[in-house]
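Here the structure comes first, spelled out in structure tokens, and everything after it is commentary.
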Amino acid sequence: MSLDDLRRELDDALADARAAVEAVDDLDDLAARSRALLGKRSPAARAKEAIKDLDPADRPAAGRALAEHQEAVDGLLAARRGELAGRARPDAGPFLDLTVGGHGRRCGHLHLVTQIRRELEDIFIGLGYRVAEGPEVEDDWHNFE
């Protein structure tokens with residue numbers, strides 16, 4: 001396969017992708033079509049495998065052509081996804097997006113013993129004491145030798 005053959009194959013695949021994406025009528029079908037156009041058995045994946053058989057001087061150009069093809073297909077899919085999302089269930093009410101995040105809420109809390117220890121440290125610091133850090137375990141060598 002030559003670089004021109006690879007480009008022709010990618011152009012044909014892009015034309016087929018345009019027709020296939022325009023024929024989709026719901027988001028689930030669009031997700032399945034996306035896997036077919038960009039997945040493991042897609043024309044882009046076959047072209048990626050064919051790059052290794054090309055002349056080393058043609059490989060960068062083939063890689064750029066493949067990247068342009070994938071960007072074009074991604075653009076087609078994103079545009080169609082926007083169209084379908086805009087007309088999908090306008091009367092459904094407010095949309096809940098669970099991927100937004102926790103709105104600043106933190107998960108979890110400190111252990112109760114840690115909370116009490118910090119409160120006691122604050123009390124003793126208020127009375128004029130200092131908190132000194134040291135080794136957790138003393139051994140015979142450091143104590144008696």
Side-chain angles (χ1 to χ4, degrees), residues 1-126 129-142:
M1 176 180 277
S2 69
L3 179 60
D4 293 331
D5 293 337
L6 182 74
R7 285 186 176 159
R8 251 191 316 279
E9 184 178 322
L10 289 175
D11 289 341
D12 292 343
L14 185 59
D16 293 341
R18 279 192 183 101
V21 168
E22 288 299 320
V24 172
D25 286 334
D26 69 353
L27 291 173
D28 293 331
D29 290 342
L30 185 65
R33 182 67 57 189
S34 172
R35 286 188 298 272
L37 293 174
L38 296 173
K40 291 180 181 179
R41 293 185 176 95
S42 67
R46 287 192 301 270
K48 190 182 295 185
E49 286 295 320
I51 287 177
K52 67 181 178 186
D53 297 332
L54 290 176
D55 182 37
D58 291 339
R59 289 179 187 170
R64 283 190 295 276
L66 179 62
E68 291 170 2
H69 169 77
Q70 288 177 331
E71 288 175 10
V73 172
D74 282 337
L76 290 171
L77 291 169
R80 187 64 178 165
R81 190 175 297 116
E83 292 172 8
L84 293 176
R87 68 178 188 184
R89 301 187 317 167
D91 60 337
F95 178 69
L96 176 63
D97 186 5
L98 298 177
T99 62
V100 171
H103 306 290
R105 295 185 192 120
R106 293 178 48 200
C107 294
H109 57 85
L110 292 174
H111 192 274
L112 294 175
V113 173
T114 305
Q115 291 176 13
I116 297 299
R117 180 176 178 234
R118 288 184 180 178
E119 287 180 26
L120 288 173
E121 285 177 357
D122 289 341
I123 292 170
F124 279 104
I125 288 173
Y129 290 92
R130 291 181 303 167
V131 176
E133 299 289 332
E136 296 289 326
V137 177
E138 294 292 339
D139 59 358
D140 181 50
W141 172 260
H142 289 101

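Numbers here are sequence positions counted from 1. Just so you know, these numbers come straight off a predicted model, no measurement behind them.
Under the rule for a salt bridge (Lys or Arg N to Asp or Glu O under 4.0 Å), the partners of R8 that lie at least two apart in sequence or sit in another chain are D5. By the side-chain hydrogen bond (donor to acceptor under 3.5 Å, both in side chains) test, D140 is found to be paired with no residue, residues two or more places apart in sequence or in another chain being considered. Legend: residues meeting side chain to side chain contact (heavy atoms under 4.5 Å, CB included) with A62, ordered by chain and number and at least two apart, are L3, L6, I51, L54. In terms of the side chain to side chain contact (heavy atoms under 4.5 Å, CB included) criterion, residue partners of D26 (sequence neighbours excluded) are, by chain and number, D28, D29. Judged as a salt bridge (Lys or Arg N to Asp or Glu O under 4.0 Å), and not counting sequence neighbours, the contacts of R80 are D25, E83.
Formation of a donor-acceptor pair under 3.5 Å by the R46 side chain with backbone atoms of R41 is found in this model.
Looking at R117 and E121, a side-chain N of the basic residue comes within less than 4.0 Å of a carboxylate O on the acidic one, giving a salt bridge.
For residues 51-69, every residue pair satisfying the salt bridge (Lys or Arg N to Asp or Glu O under 4.0 Å) rule, not counting sequence neighbours, is listed here: E49-K52.
Heavy atoms only, all atoms of each residue included: P43 and A13 are closest at CB-CB, 3.6 Å. Nearest heavy-atom pair, H69 versus L10, reported as atom, atom and distance to 0.1 Å: ND1-O, 3.4 Å.
The shortest distance between side-chain heavy atoms of L37 and L76 does not fall below 4.5 Å. At least one side-chain heavy atom of L112 sits under 4.5 Å from a side-chain heavy atom of Q115.
Rounding to the nearest 0.5 Å gives a distance of 10.5 Å between CD of E9 and CG of D11. Residue L66 holds its CG atom at 10.0 Å from CD of E71, rounded to the nearest 0.5 Å. Between T114 atom OG1 and H109 atom NE2 the span is 10.5 Å, to the nearest 0.5 Å.
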